[in-house]
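As a basis for the values below, the full set of heavy atoms in this structure was taken, side chains included, without hydrogen atoms, waters or symmetry mates. Index from 1, following the sequence.
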Amino acid sequence: MKVICSSDESLYRPEVVRWRQRMAMMQPLGDVVVALPCSMKKPYSNSQSHQRFRRATKGYQEVIVTSPFGICPRELENTFPIQSYDVAVSGDWSDDEIRLAGELLRDYVGDKPVIANVEGGYEEVCREYLENCIYVCVGGKPTSPESIFNLREELKKYPKTKHRDRVLNELRSVAKYQFGKEAEAIITDDVVTKGRYHRNVYSDGKQLALLNRDIGLYTLNLEGGRRLAELGIHVVEIDFDLKTNSLFAPGIVNADLSILPKDEVVVVKDDEVVAVGKAVLTGREMVESRNGIGVKIRHRIKN
């Protein structure tokens, strides 16, 4: 589904505001951060410009500066809604666009050095909000051979991050984005992934979830649900034996009030996880409604 961002009002769309709020939880990996401009094509890595960037930045933390969403760490570029928004690119940024992106970028990089291969409004954001920043773009063309050469030369001053660390960082970043900061704990150090596109996430031989690369989010398996329930996140409580794949609102005793429709949730009875699925109602509606489906069940324990 395309998210159309065609005016300054797009800065305050609910999904855009939610994205920026969740970016405040993210932290960069490694000793340096590379700041890059966004592209018309999404996900960014599908564009010719970012394919050129990535050949130079492999092994380093990248963050894409964009409006109205502010920033996007590379590991989250497949995540909805950043992977499917349309925005008119004029090159001119309003004061609000610069402020919102600049504050996020500043807080994200912290005290780490930044190498910025940017121009136009992107450069305005960096110059106004970053102190420890090197600019490598030549002639206003980030994709030019000269700009890419300068980027490579600056990056040689810093060590690359290990592939394993980048994999875990991506998996934990998605968990934080989807479920909240504490949820990164469900991705333990022993986690492995299988799959060439969509990725099955395993720990100790048990599947936790599927990372759907089309939307950049997890769909839970029962073991992943157990880990989430231990943290008290997205839990729906019932007091009866669940025997169908539809959980109706009248059977729900309690629910995490942060749950929104389409969120992944964990169904619990007597402190035991009995199912995982997708929310149809908000957490408050699940508790207060007297009719309708509250959760569509994907996996459940069958007695």
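- Stacking of R13 on the aromatic ring of F69 is not recorded, the 6.0 Å distance cut-off and the 45° axial limit not both being met.
- With respect to R18 and E15, no salt bridge is recorded, no charged nitrogen being found less than 4.0 Å from a carboxylate O.
- With sequence neighbours left out, the side chain to side chain donor-acceptor pair (under 3.5 Å) criterion links D256 to S258.
- Under the rule for a side chain to side chain contact (heavy atoms under 4.5 Å, CB included), the partners of Q178 that lie at least two apart in sequence or sit in another chain are V174, L217, Y218, E264.
- Every side chain to side chain contact (heavy atoms under 4.5 Å, CB included) that V268 has, sequence neighbours left out, goes to A229, V235, V266, V273.
- Ring pair H50/Y44 is parallel by interplanar angle, where below 30° counts as parallel and above 60° as perpendicular.
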List the atom pairs, donor and acceptor, that lie under 3.5 Å between side-chain atoms in residues 101-109 and the rest of the protein, sequence neighbours left out.
residue	atom	partner	partner atom	Å
Y108	OH	Q61	NE2	3.2

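- In this structure, D190 places its CG atom where more than 12 heavy-atom neighbours from other residues, nucleotides or ligands lie under 6.0 Å away.
- Residues passing the salt bridge (Lys or Arg N to Asp or Glu O under 4.0 Å) test with K194, sequence neighbours excluded: none.
- Side chain of R298 to backbone of T219: no donor-acceptor contact under 3.5 angstrom is found.
- Here Y60 is tied into one hydrophobic group with V32, V34, L36, F53, I115, I134, V136, I148, L151, L155, Y158, each link being a pair of ILVMFWY side chains closer than 4.5 Å.
- Contact between A35 and C126 at its shortest, heavy atoms only, is CB-SG, 4.3 Å.
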